[in-house]
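As structure tokens, the structure follows; a few thoughts come after it.
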Amino acid sequence: MVNLHRKDLFVLLAVLGILLVSGGWIDPDTPKSKHITRPRSVPDRFRPKAKENATEVNETSTKETSINETAVPSDSTSSQSPSSSPTQQPTIDTEYELVMSDEFNTAGRTFEDGADPKWTAMNKNDYTNAALHFYSEKNVKVNDEGNLVLTSTNEDTSILGYNDASGEKEKVTKHFKSAMMQTWNKFCFTGGIIEAEVKLPGKNDVGGLWPAFWLLGNMARHTYVQGSTHVWPWSSNTCTETSKVAQKFNACNKYNHYGLHNFHGRGAPEIDIFEVQAGPTPRYHGAFMESNVGQPFMSSSFQVAPGRQKNRPSGGRWPGPGQWYDGLTGGDETNINILFYGDYNHFVGDPPAEDPGTSARDYWSDAISYNKQLHETHFEKTHKYRLEWELPDNSTGFEGYLRWYLDDEFIFEVDGKGLADSGEGAEISTEPSYIILNTAISETWGFPYKCPDNCPCEKYDCKSNFYQKTCGFSPGFCEMMVNDPVEYKVNWVRVYQNKKDPKQLVGCSTPERPTSQFIKGHPELFKEEKDVQPLKAIKRGGGTCKLGATGVSSEACGGGEKGICTTDGCLCNKGFTGPTCVAPDGFNDIDYEPEESLGFIAPRFDHSRVLWIGLGTLIMSVVVSMFMRNKLDGYQPIQ
């Protein structure tokens, strides 16, 4: 029998600990004290009283006193209130372990395609949401203070390319550049907790910027519109007459190729941790006349299909009885977003129906959202934004939930039971989802609600000398874009999961929700015409550096800690990658889909058995090495 020294036992336990708790996406710069988090609770004061008391509660609520309450008119409160018995949930003592983090501590780190294992900075035109900007990879950097910085600038970009919204080639000039970061098809997670520390761009009282922090199902890649058609924002595993024709990957399908499961609905639901709109209009004025939240605000949303097909609320008005979802709870300085309830989705090329301009494949998607009042401090200092995402569990009847927090204070909850009770077939997302950080500029967000007199609001160019091209901007917008650095700063991003919940997984293609074979088989849906593949291979080392440079910087290849500078360029140490070696390496701890050909059936194997075999082999190796070291104690090596 092998006798292990105490220090040998510690080594063995350390090896096991690394295996069990470390992750391939964790930034080594993340403090150990931040490797664990626990769910927050919803304070009881935000939970409604029993329904028989609802009328009494409503009669005592007024606009003047509702700034610290969730404001809902008395004639529609019953349609907005969650059930008096909250759905089951993890306890506040449940530990969630860090599975991904990025501290952005190394100045000069870049994110162009092929440079980073986690992130890709987009370098393409944006055809969505009446965008006025071009996303440039050069508008993303890590600064000397250790912040990821997404910059919006007043610069022109002329593009001759394929408009994947209209399906035609066109030449356009965008008068603004901005930035978008995605982890699409690199890092995805299903369920858990995500949070980031952020300083918002621009000024709190100047409208026009659209900063966002959000998640999207990996089956769609944002800004690539053709791949999103009939995919966004579906989250339904129910076969219905609507889903059969409107949902591309629906639960009615008897046969599904490219590794997708039959009778299993798939899509790309959207979870907006925040979309922020700045501006000068306070509550109870202008477009916010019926709202107790004005500009600036953040909108936290679950955008999902299928949406409510009939008896929908009208934009700008509170829902009537039975028009919206139960199971919605708001915190202080919040109310339901009455300005936008969702989209009617109609796509060019779909077969026409009897009604002109419609198709049997059309569908509604819903934006289930609350607005939260923001203040000047959110644009001047960093604040923590957090989402808790609990998955449905069919075996227990638990419907899951989404909860949002700002600086650990409760904002909003969507209870999955309200989705189920609506009868439309939607559910809390179970799709592997990726992270997006971006600032958009769009005439549909934060621009004047009504065009000024004699202003066509058709062209937008801050550099123009013509009134017709500058009159449509919000007051102060062009001055801000020209004179001030417009920077969206991110101090860090962290993702946690409950390791005791087998449904919470890391990976963009999981056994339950495979995507990799479909993406490989349809690359044209996820790339531009000029691209060879949707994503380039990550380049490890070889980047330009400066011999003799010091410090943990890109020009010093990480300064010896992460890599070294040679005459042939950067040479990366283990655990770091990218052209200049300053990006922490990234990989999934469990590879659900090793390299394989494009078959029609995804291979399945017992991952737990593979994991335990590997773990056992490693333990045996450690034990044998310790035994041999003990056996050789006292022997002198031959010189």
Side-chain angles (χ1 to χ4, degrees), residues 27 30-31 33-34 37-43 46 67-68 96 98 100-105 142-143 145-152 179 181 192-207 209-215 271-279 282-283 293-301 330-335 337 369-389 402-413 435-440 445-446 480 484-496:
D27 190 332
T30 303
S33 62
K34 302 300 181 182
T37 191
R38 291 176 174 81
R40 306 291 185 256
S41 61
V42 177
F46 298 125
I67 188 64
N68 290 320
Y96 284 62
L98 190 69
M100 179 273 202
S101 61
D102 208 324
E103 305 298 318
F104 305 112
N105 280 349
V142 174
N143 65 12
E145 288 75 43
N147 293 308
L148 173 70
V149 182
L150 289 74
T151 304
S152 301
M181 292 272 279
I193 296 172
I194 180 171
E195 57 184 19
E197 191 173 83
V198 168
K199 176 182 173 294
L200 297 172
K203 298 180 179 180
N204 66 293
D205 58 353
V206 176
L209 297 176
W210 191 346
F213 171 30
W214 50 300
L215 307 177
I271 306 174
D272 300 309
I273 302 164
F274 68 65
E275 295 178 281
V276 170
Q277 184 176 119
R283 62 190 182 120
V293 173
Q295 295 172 327
F297 66 85
M298 62 175 280
S299 184
S300 298
S301 309
D332 284 330
E333 291 190 290
T334 71
N335 70 226
N337 181 3
S369 62
Y370 262 53
N371 291 343
K372 163 71 174 177
Q373 188 70 59
L374 296 182
H375 303 280
E376 188 174 5
T377 178
H378 298 101
F379 298 79
E380 295 183 337
K381 299 177 181 179
T382 59
H383 293 265
K384 185 172 71 173
Y385 299 83
R386 176 183 176 106
L387 170 76
E388 297 185 359
W389 171 17
L402 299 168
R403 290 177 183 166
W404 289 259
Y405 296 84
L406 173 55
D407 293 331
D408 292 327
E409 294 185 0
F410 173 70
I411 296 176
F412 176 40
E413 178 188 57
I435 306 168
I436 303 176
L437 299 161
N438 71 292
T439 302
W445 188 264
M480 177 182 70
D484 301 316
V486 179
E487 297 177 333
Y488 177 168
K489 293 184 177 180
V490 183
N491 191 14
W492 46 258
V493 177
R494 298 169 188 155
V495 178
Y496 301 83

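- Between Ala196 and Val493 the shortest heavy-atom distance is CB-CG2, 4.0 Å.
- Residues that satisfy the side-chain contact (heavy atoms from CB on, under 4.5 Å) test with Pro282, not counting sequence neighbours, are His285.
- Looking only at side-chain heavy atoms (C-beta outward), Arg403 and Val42 come within less than 4.5 Å of each other.
- You'll find the side chain of Met100 reaches within 4.5 Å of the side chain of Ile435, heavy atoms only.
- Using modelled atom types, one side-chain atom of Ser300 and one backbone atom of Ile273 make a donor-acceptor pair closer than 3.5 Å.
- Using bins of under 30°, 30° to 60° and over 60° for the plane-to-plane angle, the ring pair His383/His378 lands in the tilted bin.
- Residues Met298 and Val276 are in side-chain contact: their nearest non-hydrogen atoms beyond the backbone lie under 4.5 Å apart.
- Atom CD1 of residue Ile271 and atom CG of residue Leu402 lie 5.0 Å apart, to the nearest 0.5 angstrom.
- Shown are Glu103, Glu197, Glu195; of these, the salt bridge (charged side-chain N to carboxylate O under 4.0 Å, His left out) with Arg494 is made only by Glu103.
- Tested against Phe46 for a ring-ring contact (aromatic ring centres under 6.0 Å, His included), the candidates Phe412, Tyr370, Phe410 yield a single pass: Phe410.
- Rounded to the nearest 0.5 angstrom, Tyr496 OH and Lys34 NZ are separated by 7.0 Å.
- Nearest heavy atoms, Pro296 versus Ala278: CB-CA, 3.8 Å.
- Using a 4.5 Å heavy-atom threshold, the side chains of Leu148 and Leu437 count as touching.
- Residues Val486 and Thr439 are not in side-chain contact: their nearest non-hydrogen atoms beyond the backbone lie 4.5 Å or more apart.
- Counting only distance, with no hydrogens or angles, the side chain of Asp102 and the backbone of Phe104 share a donor-acceptor pair below 3.5 Å.
- A donor-acceptor pair under 3.5 Å is formed between the side chain of Lys372 and the backbone N or O of Asp332.
- Other residues, nucleotides and ligands contribute only 12 or fewer heavy atoms inside 6.0 Å of the CD atom of Glu409.
- Ring pair Tyr385/Phe213: centre-to-centre distance not below 6.0 Å.
- The backbone N or O of Asp272 lies less than 3.5 Å from a partner atom in the side chain of Trp404, making a donor-acceptor pair.
- Atom CD of Glu487 is separated from atom CG of Asn143 by 7.5 Å, given to the nearest 0.5 angstrom.
- For the pair Leu374/Leu200, a side-chain contact is recorded, criterion being any heavy-atom separation below 4.5 Å from C-beta on.
- For Arg40 against Glu388, the heavy-atom pair with the smallest separation is N-OE2, 2.7 Å.
- When every heavy atom of Glu275 is checked against every heavy atom of Ser301, the shortest pair comes out as OE1-OG, 4.3 Å.
- Taken to the nearest 0.5 Å, the CD atom of Gln373 stands 12.0 Å off from the CD1 atom of Ile411.
- In this structure a side-chain-to-backbone donor-acceptor pair under 3.5 Å is present from Asp407 to Lys384.
- For the residue pair Pro39 and Tyr96, the shortest heavy atom distance occurs at CG-CE1, 3.4 Å.
- Between Phe274 and Tyr488, the angle of the ring planes lies from 30° to 60°, which puts this pair in the tilted group.
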Query - From CA spacing to verdict: side chain to side chain donor-acceptor pair (under 3.5 Å), Trp210, Asn438 - result: CA-CA 8 Å; Trp210 191 346; Asn438 71 292; over 6 Å; no
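- The distance from atom CD1 of Ile193 to atom CZ of Arg386, rounded to the nearest 0.5 Å, is 4.0 Å.
- Remark: the backbone N or O of Asp27 is paired with a side-chain donor or acceptor of Ser101 at under 3.5 angstrom.
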Report task. Output, in order, the C-alpha distance, side-chain angles, deciding distance and verdict of side chain to side chain contact (heavy atoms under 4.5 Å, CB included) for Leu215 and Trp389. Result -> CA-CA 11 Å; Leu215 307 177; Trp389 171 17; 4.1 Å; yes
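- Note that the CZ atom of Phe379 and the NZ atom of Lys203 stand 12.0 Å from one another [nearest 0.5 Å].
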Report task. For Val293 and Arg283, run side chain to side chain contact (heavy atoms under 4.5 Å, CB included): C-alpha distance rounded to whole Å, both residues' side-chain angles, the deciding distance at 0.1 Å, then the answer. Result -> CA-CA 5 Å; Val293 173; Arg283 62 190 182 120; 5.7 Å; no
